[in-house]
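Encoded as structure tokens, the structure appears first; notes follow it.
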Amino acid sequence: MMTTNVLDFQSNATPADDDSLKKENTVVYSEEEVDLLAYYEEAAGRLVVDPQRARVEFGDAVASRLKLSEDGTMVLWPQPCDDPNDPQNWSDRRKALHLLIITMAAFVPDFDSAIGIKLHVLFSACRPSLTTGRSWSIFLLGWGGIFYVMLMRRFGRLPVLFWSQLLSLGFLIGATFAPDLPTFAAMRCLTAFFGYAALGLFVVTDIYPFHLQARKLNVWTAGFIVSPFISPFLFGFLVARANWRWSYGIGCIYSAIVLTLIVLFLEETLYDRGKNRPVLPTSSGLRYRFETLIGMTGYRLAKYRASWREVITACLEVVWRPQFIFVVVFEAAVFGFSIGMNVTNVVFLGTPAPVGFGYNENTVAGAYATPMVAIIIGEVIGRFVNDWILKFSIRRNQGFFEAENRLWVCYLAMPLYLCGFLALGAGVQHLNIAGLVMGWGIAEVAVMINTVAIYAYCNDCFPRHQVGVPCSQPVYRRVIVGFSVAYFQVPWATKSGALVVTGVEATIAIGLFLIAVPLVQWKGSYFRKRFAA
């Protein structure tokens, strides 16, 4: 088993010096001396990806047993086991089905929460004490995610997602048929808390090698970013013509469809790697499927996995490290301000002049098509740009990939973010709908591109502490920024003008970008070595 620090495998030589490297600077390890799983976890952001470079770093004996991508140009990390049950060995079709289901599941929490955006306006007319900004469901989405990602590490992905979707569906049904406003509010908050199982990052990492993860995270991220815009778009038209309960009823139908897909097709993707891998349960067929779905299999295997103490403290293991905290605080501002804008734009669009545009329900609902189209554009741009940066950075770094290269995408996203927010603010302040539409769309393209980059970077830096990444990010994005922004945006914009509000928010985001991203790219290697998790 490899006990040497991962730095012993690294070298600054170029591929042209391969022969001299083998003779002079590189220790050639036998197969018994190299634990490839330990290397993958200890490398923490600097992986040998080029097969020829792998021969230099590990020696021919080890490199010859490395599994490569189909085209033979990439070393697969983590290395798939010689076991058909390893999710890394699944067929492309099987993996695509799982990606589709987890994307549909990621769609649910924000979609359900955003159903109430239009209803806030209607209820506020009846109860002036209710304000559109005070959405506790956004707050509880963040904390609910922390609760679930801890359970996933112990009991597996499938049972946690199943129970979260089942409970959230039950509470959403309760909101649909709530007899009074307090009951409705309680059911809506419980739906948010129990529905946010941030499973996508885990499943993508479980089933795809690292060089495909950013591309697949792009799909999953698009699912949960676009979801809060689809609810106001669809149900704005509906609420104008029918009872508001129909909008929640349709949300229940969609959640039931997702739950059915989970029960029928989703499989457990948590695969215990390493030499101490536990023996799988002896049950099979329908019984094994049922036991895995409800968590009995995960409960039996939990004793072989991370302890409760490790799971609970995983967030704290990651959150203070500089390679994490800088970029996540920056992303919290970028993503959080966009959450607040989604909640308050309905106010600007529906309120009569001079504060807003005074549009009717149909026009307000139609405006939400703008960010939906923008997310699709951002997904397409991010897909190709992330792949290009990956391949270019591997060539530039002589066969290594360093996690900080993921952040180059932010230099594309943030100028768009600044232009989008300024155009949005000017459009609202001067009641120019073209400015609002263009600004909103450009800003959401930027949010989509930037969010994938931050997720991919953090995932690359902490392969051992996957719990900490999805645990911490919802708190920063939703609780600290997203929830709080909705409290002050409308009153501030009414008093000082929307351009001042969006200008200040964009300035904060750009300032954090100029501090965080160049610093992490400059000192990222030092941070990863000095503050390795």
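- Just one residue in the list Arg157, Lys95, Arg153 forms a salt bridge (charged side-chain N to carboxylate O under 4.0 Å, His left out) with Asp206, and that residue is Arg157.
- Looking at every heavy atom in both residues, Leu169 comes nearest to Ser255 through CD1-CB, 3.8 Å.
- Aromatic rings from Trp220 and Phe224 are positioned such that their centres are separated by under 6.0 Å.
- In this structure, Phe513 and Tyr411 have perpendicular ring planes: the angle between them is above 60°, well past the 30° mark.
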Side chain to side chain donor-acceptor pair (under 3.5 Å) between Glu331 and Thr451, worked out: CA-CA 7 Å; Glu331 165 64 9; Thr451 301; 2.8 Å; yes

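- Legend: residues meeting side chain to side chain contact (heavy atoms under 4.5 Å, CB included) with Thr183, ordered by chain and number and at least two apart, are Ala178, Pro179, Asp180, Met187.
- Using a 4.5 Å heavy-atom threshold, the side chains of Phe193 and Phe171 count as separate.
- Using a 4.5 Å cut-off on side-chain heavy atoms (C-beta onward), Tyr455 and Gln213 make no contact.
- Contacts of Glu404 classified as salt bridge (Lys or Arg N to Asp or Glu O under 4.0 Å), with partners at least two apart in sequence or in another chain: Arg528.
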Working for side chain to side chain contact (heavy atoms under 4.5 Å, CB included), residues Phe384 and Asp387: CA-CA 5 Å; Phe384 292 104; Asp387 283 353; 5.8 Å; no

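- Between Phe330 and Cys410 the shortest heavy-atom distance is CE2-SG, 4.2 Å.
- In plain terms, the two heavy atoms of Ala426 and Leu499 that are nearest each other are N-CD1, 3.6 Å.
- Val327 has its side chain within reach of Cys458: a pair of non-hydrogen atoms, C-beta onward, lies under 4.5 Å apart.
- Here Tyr254 and Phe107 bring their ring centres to under 6.0 angstrom of each other.
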Asn360/Thr363 under side chain to side chain donor-acceptor pair (under 3.5 Å): CA gap, chis, key distance, verdict: CA-CA 6 Å; Asn360 59 31; Thr363 306; 3.0 Å; yes

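- In this structure, the side chain of Glu291 does not engage the main chain of Thr297 through any donor-acceptor pair within 3.5 Å.
- At least one donor-acceptor pair closer than 3.5 Å links the side chain of Thr370 to the backbone N or O of Ala367.
- Between Phe233 and Phe229, the ring center distance fails the sub-6.0 Å criterion.
- Across all their heavy atoms, Phe421 and Ser338 have their closest contact at CZ-N, 4.3 Å.
- Atom CD of Glu505 sits about 13.0 Å away from atom CD1 of Ile510, to the nearest 0.5 Å.
- The ring of Phe184 has its center closer than 6.0 angstrom to the ring center of Tyr248.
- Between the side chains of Asp110 and Ser113, no donor-acceptor pair of N or O atoms lies under 3.5 Å.
- Expressed to the nearest 0.5 Å, how far OG1 of Thr221 lies from CD1 of Ile449 amounts to 12.0 Å.
- Between the CE atom of Met104 and the CG atom of Leu266 there is a distance of 11.5 Å, given to the nearest 0.5 Å.
- In this structure the side chain of Leu199 never reaches within 4.5 angstrom of the side chain of Tyr148, judged on heavy atoms.
- Closest non-hydrogen pair, Leu238 versus Ile250, comes out as CD2-CD1, 3.7 Å.
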Audit row: Thr292, Tyr288, side chain to side chain contact (heavy atoms under 4.5 Å, CB included) steps and yes/no: CA-CA 6 Å; Thr292 304; Tyr288 176 70; 3.5 Å; yes

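- With sequence neighbours left out, Arg245 forms a salt bridge (Lys or Arg N to Asp or Glu O under 4.0 Å) with no residue at all.
- Counting heavy-atom neighbours within 6.0 Å of Met372 CE, excluding the residue itself, gives a total above 12.
- Using a 4.5 Å heavy-atom threshold, the side chains of Val204 and Ile207 count as separate.
- Expressed to the nearest 0.5 Å, how far CD of Glu268 lies from CZ of Phe155 amounts to 12.0 Å.
- Taking the six-membered ring wherever Trp is involved, the centroid distance between the rings of Phe348 and Tyr359 does not fall below 6.0 Å.
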CA sep, side-chain torsions, deciding dist, call: Leu217, Leu201, side chain to side chain contact (heavy atoms under 4.5 Å, CB included): CA-CA 7 Å; Leu217 285 174; Leu201 187 63; 3.6 Å; yes

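- Of the possible donor and acceptor atoms, one in the side chain of Ser247 sits under 3.5 Å from a partner among the backbone N and O of Trp244.
- The shortest heavy-atom contact between Pro87 and Tyr271 is CD-CB, 3.6 Å.
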Worked verdict on Thr205 versus Asn459 for side chain to side chain donor-acceptor pair (under 3.5 Å): CA-CA 8 Å; Thr205 305; Asn459 201 39; 2.9 Å; yes

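- For the pair Val346 and Tyr368, the minimum side-chain heavy-atom distance is below 4.5 Å.
- Residues satisfying the salt bridge (Lys or Arg N to Asp or Glu O under 4.0 Å) criterion with Arg383, sequence neighbours excluded, are Glu379.
- Aromatic ring centres of Trp246 and Phe237 lie farther apart than the 6.0 Å criterion allows.
- Annotation: side chain of Ile225 is in contact with side chain of Phe335 (closest heavy-atom distance under 4.5 Å).
- Side chain of Arg406 to backbone of Asp460: no donor-acceptor contact under 3.5 angstrom is found.
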Verdict with reasoning, Phe326 to Trp320, per ring pair (Phe, Tyr, Trp, His ring centres under 6.0 Å): CA-CA 9 Å; Phe326 283 116; Trp320 61 272; over 10 Å; no

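- The side chain to side chain contact (heavy atoms under 4.5 Å, CB included) check on Arg305 picks up Leu270, Asp272, Leu301, with sequence neighbours excluded.
- By the 4.5 Å heavy-atom criterion applied to side chains, Leu190 and Phe194 are counted as neighbours.
- Legend: residues meeting side chain to side chain contact (heavy atoms under 4.5 Å, CB included) with Ala105, ordered by chain and number and at least two apart, are Leu161, Gln165, Val258.
- Expressed to the nearest 0.5 Å, how far CG of Leu212 lies from CG of Asn386 amounts to 12.0 Å.
- Without hydrogens or angle criteria, Ser231 side chain to Phe111 main chain gives a donor-acceptor distance under 3.5 Å.
- Judged purely by atom type and a 3.5 angstrom limit, Tyr208 has no side-chain atom pairing as donor or acceptor with the backbone of Lys216.
- Summarising the geometry, atom CD1 belonging to Ile433 is positioned 5.5 Å from atom CG belonging to Leu349; distances are rounded to the nearest 0.5 Å.
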Derivation and outcome, side chain to side chain contact (heavy atoms under 4.5 Å, CB included), residues Met341 and Thr502: CA-CA 9 Å; Met341 194 55 63; Thr502 57; 3.7 Å; yes

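- A salt bridge links Glu267 with Arg94; the closest basic N to acidic carboxylate O contact falls under 4.0 Å.
- Checking side-chain atoms of Thr191 against main-chain N and O of Leu172 turns up a donor-acceptor pair under 3.5 Å.
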